[in-house]
Amino acid sequence: MKQRTIFIGTAVLLAIAFALGISLYKSQKTEHSAQQVTQNKEALVRFHSPTLGNANAPVHIVEFLDPACESCRAFYPFVKEIMASNPEKIRLTIRYAPFHTGADEVVKVLEAARKQGKYWESLEALLVAQPQWALGHAAHLDRVWPFLEGLGLDIPRLKEDMKSPELAKLVQQDLEDVKALNVRGTPEFFVNGRPLPEFGPDHLKKLVDDELAKAGASN
Amino acid sequence: MMRTTDTNASVWPMVFLSWVIATVSTLGAIFLGEVMGLTPCILCWYQRICMFPLVLILAAGLFPLDVRVVRYAFPLALVGLSIAVFHLLVSEGIVSETLTPCTQGVPCSQQLIEWFGFLTIPMLSVAAFAAITAMLIAIHFKASK
């Protein structure tokens with residue numbers, strides 16, 4: 001009888017210690033990454049990054065994205081939905097964290113498409129088709145092309161543009177900023193410089209609502 | 001009268017302590033991997049394969065106490081200990097990384113954590129597996145007396 005009590009007591013104690021450890025670690029981490037953002041303000045937004053929405057919007061979402069990442073694909077419609085339900089109030093900036101093998105080449109495809117004014121169409125087309133070209137945690141550039149047909153892109157020019165050192169520099173810069181901001185997984189969001197306290201669409205929505213409320217109060 | 005015998009009284013705490021060590025190690029590994037987001041290297045995975053089942057096997061041997069649990073737990077503990085020792089040698093640079101299966105992904109020689117300036121994850125693993133192995137041997141001899 002007493003042994004059972006000892007066993008159950010220890011198990012409960014360990015479970016509590018584990019849960020406490022998690023919450024302590026998470027709160028410290030959120031604080032730490034918020035600090036990192038204030039110390040690396042310029043690393044969060046670069047002039048070269050594609051941006052959508054009102055330039056004077058009170059809420060600015062910066063998303064670190066990997067075009068080959070499944071969660072980024074799943075998250076994308078949700079981000080668009082948040083933006084649509086708060087028109088003119090949210091600006092979205094895309095940064096790249098191409099962690100999957102070969103994803104940096106797909107980033108270059110997108111950036112070359114941007115030169116032709118077809119960035120968002122291309123991004124959306126590639127995210128939709130992602131299961132067909134991102135296989136086994138690797139992006140396959142040769143499988144990407146069919147999904148860009150019908151967008152009115154000049155593909156030979158796009159392939160030429162992909163080779164420009166300017167794009168290589170852009171990817172390099174984003175990867176450096178990924179390190180500076182300690183982004184470890186994608187998608188990672190910063191809303192007005194505040195990192196997500198916990199991963200998940202609901203946490204993103206809450207953070208955006210918070211910032212919207214703040215902006216509303218100060219107006 | 002309860003079923004509690006002399007063996008039970010002296011052996012139960014040892015099985016229990018082994019279980020505590022295995023459980024703390026398992027929770028620690030889950031914390032490092034899932035909460036802190038450190039990717040386990042190949043050797044870490046093999047050690048996890050040996051450590052995680054011990055939590056369940058040892059717990060099953062506690063109620064009612066069954067000393068034969070040693071027979072089932074010992075192989076896991078011994079294999080885990082061997083891998084942990086090998087991992088420690090790799091991480092201390094005594095065995096070179098090229099001899100290990102970890103040429104891709106996370107290198108086993110990389111030390112992700114150093115607590116108090118010296119304590120690394122492989123050291124903790126060796127300590128845990130060694131303690132469990134020693135405890136199981138002691139249980140075996142105590143119970144066969």
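We name chains A, B, ... by the order of the sequence lines, and we start the count at 1 in each one. Owing to the predicted nature of the structure, the values given are computational and were not obtained by experimental measurement. Computed from heavy atoms alone, side chains included, the values below leave out hydrogens, waters and symmetry copies.
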> Any idea how Trp19(B) and Phe7(A) line up, ring-wise: parallel (<30°), tilted (30 to 60°), or perpendicular (>60°)?
Replying inline: tilted
> Do other residues, nucleotides or ligands put more than 12 heavy atoms under 6.0 Å from Gln132(A) CD?
Replying inline: yes
>> Within a 6.0 Å radius of atom CZ on Arg46(A), are there more than 12 heavy atoms belonging to other residues, nucleotides or ligands?
In response: yes
> Where does Phe31(B) contact chain A at under 4.5 Å (heavy atoms): side chain, backbone, both or neither?
Replying inline: both
>> For Arg184(A) versus Met36(B), what's the shortest heavy-atom pair and its separation?
In response: NH1-O, 4.0 Å
> Side chain, backbone, both or neither: which part of Ala17(A) has a non-hydrogen atom closer than 4.5 Å to chain B?
Replying inline: neither
>> Nearest 0.5 Å, please: how far is OG1 in Thr23(B) from CG in Leu13(A)?
In response: 12.5 Å
>> Within a 6.0 Å radius of atom CD on Glu176(A), are there more than 12 heavy atoms belonging to other residues, nucleotides or ligands?
In response: yes
> Measuring from Ile8(A):CD1 to Phe63(B):CZ, what's the distance to the nearest 0.5 Å?
Replying inline: 7.0 Å
> Taking it one step at a time, do Gln3(A) and Phe16(B) satisfy side chain to side chain contact (heavy atoms under 4.5 Å, CB included)?
Replying inline: CA-CA 9 Å; Gln3(A) 288 173 346; Phe16(B) 174 69; over 6 Å; no
